[in-house]
Amino acid sequence: MTTPSDHIQGILDNLPAKPGCYLMKNASGKIVYVGKAINLRSRVRSYFHAGADHTRKTRRMVYEIADIDFILVESELEALILEMNLIKKHLPAYNVRLKDDKRYPFIKVLWTDPFPKVIVTRQHEKDGSRYYGPFTSVWAVHQTLDLLRKIFQYRSCDRIITGQDPRACLYYDIKLCTAPCIGKINQQDYRQMIDDLCKFLEGHTDPILDRLRGQMQFHSDQMNFEQAAVVRDQIMAIEKVVERQKIISNREEDSDVIALARSNGESCVQVFFIRNGRLIGREYFILEGTEDEADSEVVSEFIKQFYAEASHIPREVLLPNEVEEAVIIQQWLNQQRGGQKVQIRIPRRGTSRDLVKMATENAVETLSSLKSQWESDTHKQSQALGELQKALGMPNPPNRIECYDISNIHGTAAVGSMVVFEQGVPNKKLYRRFNIKSVSGPDDFASMEEVLARRFKRWQSSHERHSVGEKVDESFAILPDLLVVDGGKGQLSRAVKVADDFDHPGEMLIVGLAKEHELIFLPNRDLPVELPRNSQGLYLMQRIRDEAHRFAITAHRKLRQKERLVSRLDQIPGIGPARKKALLKIFGSLDGVRQASVEELVQVPGITLALAEMIHQRLNTIQDNGEL
């Protein structure tokens, strides 16, 4: 862990042991992380403990910290609310947050107007209006409004409604407005219709249908058959929608079902909205800043950010797993719901458990579909490569891009990753990993030098092999158009130094991609390149970097597991080099030794019954303790 500067150490020494929020800042004064704590002194100081087993993401964050601010509060609940507001305001790079360059859209009912309109908005304010959402798609919102207007025929004009206008607009003629402007509907009936629309959006359709059926009967009894037919059509339209809503439970309660899917550094949360026992809708949300975070932490952060904006909070929230802050989040949700009780529950069996499973499957499918859409969209790929070519001043689009990353914990089991993208799409057959051999301790710079040196040596070797007709490794036979190292100026200078030691083609460009602001550093340039936030080029660079990180982490974990098992095998009394070699020769791998039965182990020359039982017991104890 990085030794804190004198300035940081001074802050750490004077932190109060009270509840509050802390704001980590980088050298430019930008807030990179916001957290909360019951005991600020203990929590903030823990980031700088030399022996702390922090994730790679946390270690990178701590490396950037140049200043720390804090705000004291009276309680844990106040800390949670303040933390949410600060994250929403500053969008810190290292916090988990909803991936959203703009606010999500809502359906807004201007309830304070005498004749309320229904509009789409991205601003959720406390102005007396009724809000429904958030939704992830503006298109889906407008589709919903088109349906609502056919059923409830609300007004969309900006007229001042007096009921005395000489004529109505076209929408009245095509039965998409009830024409309060000419007095075709009075204020009481119009507001009742809008209230029905609100209940419809909330999924509470039974009271609407009961009242409308009564109205239809009344008009029929009064022989007002034309009006009865209008109400009948409205009933049929609502029933048609209700029929498509899947009945989930006989319990007429409101629930939200939340599930999580993760893949290659991406996280997708799916929310099912259950109202009166019916599945009335679902939405998905993509989150960023989730790398190295536990599932429970990702779900916890989503709940706080989603329900801070959500228009409706149900009585019950079903989750796939426990969250550490469940008690305080539940307390906050009770407050958000106007003092009414909200229960957070992790179902273990029955219909509720099936719902969480179904939501999870949908989240997995959604995430997979989104990735496939991008990978199959050749226009976006061409656009991304063109943007990179222009931004980086390259003579041609970078059709082959390689990215390198290093993963280790305190210098142990260090692994380098190499991922390859061709035409903007990952080619996983060409991915390679490098077990770091020449570096001791947590030195990412030296590790990167070793990885790149080995990569360029393989390239040279491939040329020599090819010249004599030998088969070559496709991963190393061709150098990339663009070589990306995960890091800033420091990593870039090391990478350029290694490349200069080899006679490589001059058209290969080497850049460093820094996590902070996604800045791209180029050789011999003081100022970095910052791609537009909504550009396909930036998205491609993020995907490549995240994929390199994912591949490095995966390789690192496998190496740690192997080393752990080898270490345990060496520690078993009676197992020396000869017997270990014999075991591996017969069972093929360390995992094969662990899975072997006592009877199978005894068949190995030199392994007695007592020793076989000890091997089986020791290695399977490792697995049972979750160390593998």
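Numbering of residues begins at 1 and proceeds along the displayed sequence.
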### Query
So how far is it from Ile520 CD1 to Arg545 CZ, rounded to the nearest 0.5 Å?
10.5 Å

### Query
Passes side-chain contact (heavy atoms from CB on, under 4.5 Å), Gln491 versus Met448? Steps please.
CA-CA 7 Å; Gln491 284 286 30; Met448 184 64 77; 3.3 Å; yes

### Query
When rounded to the nearest 0.5 angstrom, what distance separates CZ in Phe273 from CZ in Arg282?
11.5 Å

### Task
Might you point out which heavy atoms bring Gln330 and Val342 nearest each other, and give the distance in Å?
CG-O, 3.0 Å

### Nearest-0.5 Å distance, CD of residue Gln389 to CG of residue Leu509
11.5 Å

### Message
Take a 6.0 Å sphere around NZ of Lys117 and say whether it holds more than 12 heavy atoms from other residues, nucleotides or ligands.
### Response
yes

### Message
Between Gln536 (side chain only) and Ala384 (backbone N and O only), is there a donor and an acceptor less than 3.5 Å apart?
### Response
no

### Separation between CZ of Phe302 and OH of Tyr307, rounded to the nearest 0.5 Å
7.0 Å

### Message
Tell me if the centroids of the rings in Phe285 and Phe306 come within less than 6.0 Å of each other.
### Response
yes

### Message
Between Glu402 and Met418, is there a side-chain heavy-atom distance shorter than 4.5 Å?
### Response
yes

### Summary
Tightest non-hydrogen contact, residues Cys403 and Ala548, listed as SG-CB, 3.7 Å

### Message
Checking the side chain of Gln305 only, and the main-chain atoms of Leu98 only, is there a donor and an acceptor separated by less than 3.5 Å?
### Response
yes

### From CD1 (Ile406) to CD (Glu449), nearest 0.5 Å
10.5 Å

### Message
Taking the side chain as everything from C-beta on, heavy atoms only, tell me whether Val299 gets closer than 4.5 Å to Leu319.
### Response
yes

#### Entry: Ser352-Arg345 side chain donor-acceptor pair, cut-off 3.5 Å
yes

### Query
Any chance CZ of Phe434 has more than 12 other-residue heavy atoms, nucleotides or ligands included, within less than 6.0 Å?
yes

### Query
Just by modelled atom types, is the Asp526 backbone N or O under 3.5 Å from a matching donor or acceptor in the Lys489 side chain?
yes

### Query
Looking only at atom types and distance, does a side-chain atom of Ser300 sit under 3.5 Å from a main-chain N or O of Ser296, one as donor and one as acceptor?
no

### Query
For Lys304 and Trp332, which heavy atoms make the closest approach, and how far apart are they?
O-CH2, 3.3 Å

### Task
Could you tell me whether the side chains of Glu387 and Gln383 share a donor-acceptor contact shorter than 3.5 Å?
yes

#### Entry: Arg45 (side chain) donor-acceptor with Leu12 (main chain) under 3.5 angstrom
yes

### Query
Hey, does Leu513 have a side-chain heavy atom less than 4.5 Å from the side chain of Val485?
no

### Message
As an exercise, state the distance from CD1 of Ile286 to SG of Cys268, rounded to the nearest 0.5 Å.
### Response
4.0 Å

#### Entry: N/O donor-acceptor pair under 3.5 Å between Ser42 side chain and Asn39 backbone
no

### Aromatic plane relationship, Tyr431 with Phe551 - under 30° parallel, 30 to 60° tilted, over 60° perpendicular
perpendicular

### Query
Are side-chain heavy atoms of Asp127 and Thr112 found at a separation under 4.5 Å?
no

### Task
Tell me, with the steps shown, if Arg348 and Glu322 meet salt bridge (charged side-chain N to carboxylate O under 4.0 Å, His left out).
CA-CA 12 Å; Arg348 305 299 182 189; Glu322 301 282 354; 3.3 Å; yes

### Query
Would the number of heavy atoms belonging to other residues, nucleotides or ligands and lying under 6.0 Å from CD of Glu324 be above 12?
no

### Message
Could you walk me through whether Leu110 and Ile119 satisfy the side-chain contact (heavy atoms from CB on, under 4.5 Å) test, starting with their C-alpha distance in whole Å, then the side-chain angles of each, then the deciding distance to 0.1 Å, before giving a yes or no?
### Response
CA-CA 8 Å; Leu110 286 74; Ile119 62 173; 3.7 Å; yes

### Task
Provide the closest heavy-atom pair for Leu388 versus Pro398 in the form atom of the first, atom of the second, distance.
CB-CG, 4.2 Å

### Query
Hey, are the side chains of Ile436 and Val415 touching, using non-hydrogen atoms and a 4.5 Å cut-off?
no

### Query
Just by distance, with hydrogens left out, do Tyr33 and Glu64 show a side-chain donor and acceptor under 3.5 Å apart?
no

### Query
Are Phe421 and Leu540 close enough that some pair of their side-chain heavy atoms sits under 4.5 Å apart?
yes

### Query
Between Gln340 and Asn334, does a side-chain contact (heavy atoms from CB on, under 4.5 Å) hold up when you go through it step by step?
CA-CA 5 Å; Gln340 299 183 50; Asn334 293 343; over 6 Å; no

### Task
Go through the steps to decide whether Phe272 and Asn362 satisfy the test side-chain contact (heavy atoms from CB on, under 4.5 Å), and finish with yes or no.
CA-CA 10 Å; Phe272 282 2; Asn362 275 266; 3.5 Å; yes

### Query
Please walk me through it: do Tyr22 and Phe70 pass ring pair (Phe, Tyr, Trp, His ring centres under 6.0 Å)?
CA-CA 4 Å; Tyr22 53 92; Phe70 62 88; 9.8 Å; no

### Query
Just wondering, do Ile346 and Pro320 contact through their side chains at under 4.5 Å, heavy atoms?
no

### Message
Using every non-hydrogen atom in the two residues, find where Ala514 and Gly488 come nearest and quote the distance to one decimal.
### Response
CB-CA, 4.3 Å

### Query
Okay, side chain of Arg41, backbone of Asp13: is any donor-acceptor separation there less than 3.5 Å?
yes

### Query
So does Glu301 pair up with Lys88, basic N to acidic O under 4.0 Å?
no

### Residue from Asp69, Val44, Asp67, Ile65 passing side chain to side chain contact (heavy atoms under 4.5 Å, CB included) with Ile11
Asp67

#### Entry: NZ/NE/NH1/NH2 to OD/OE distance under 4.0 Å, Asp256 and Arg315
no

### Task
May I ask you to decide if Arg97's main-chain N or O and Asn95's side chain share a donor-acceptor pair within less than 3.5 Å?
no

### Message
Show the nearest heavy-atom pair for residues His312 and Asp254, with the distance to one decimal.
### Response
NE2-OD2, 3.6 Å

### Query
Angle class for the Tyr131/His124 ring planes (parallel below 30°, perpendicular above 60°, tilted otherwise)?
tilted

#### Entry: Thr360 side chain to Val356 backbone, donor-acceptor under 3.5 Å
yes

### Query
Any sub-3.5 Å donor-acceptor pair from Glu78's side-chain atoms to Glu74's backbone N or O?
yes

### Task
Answer whether the closest heavy-atom distance between the side chains of Leu77 and Gln335 falls below 4.5 Å.
yes

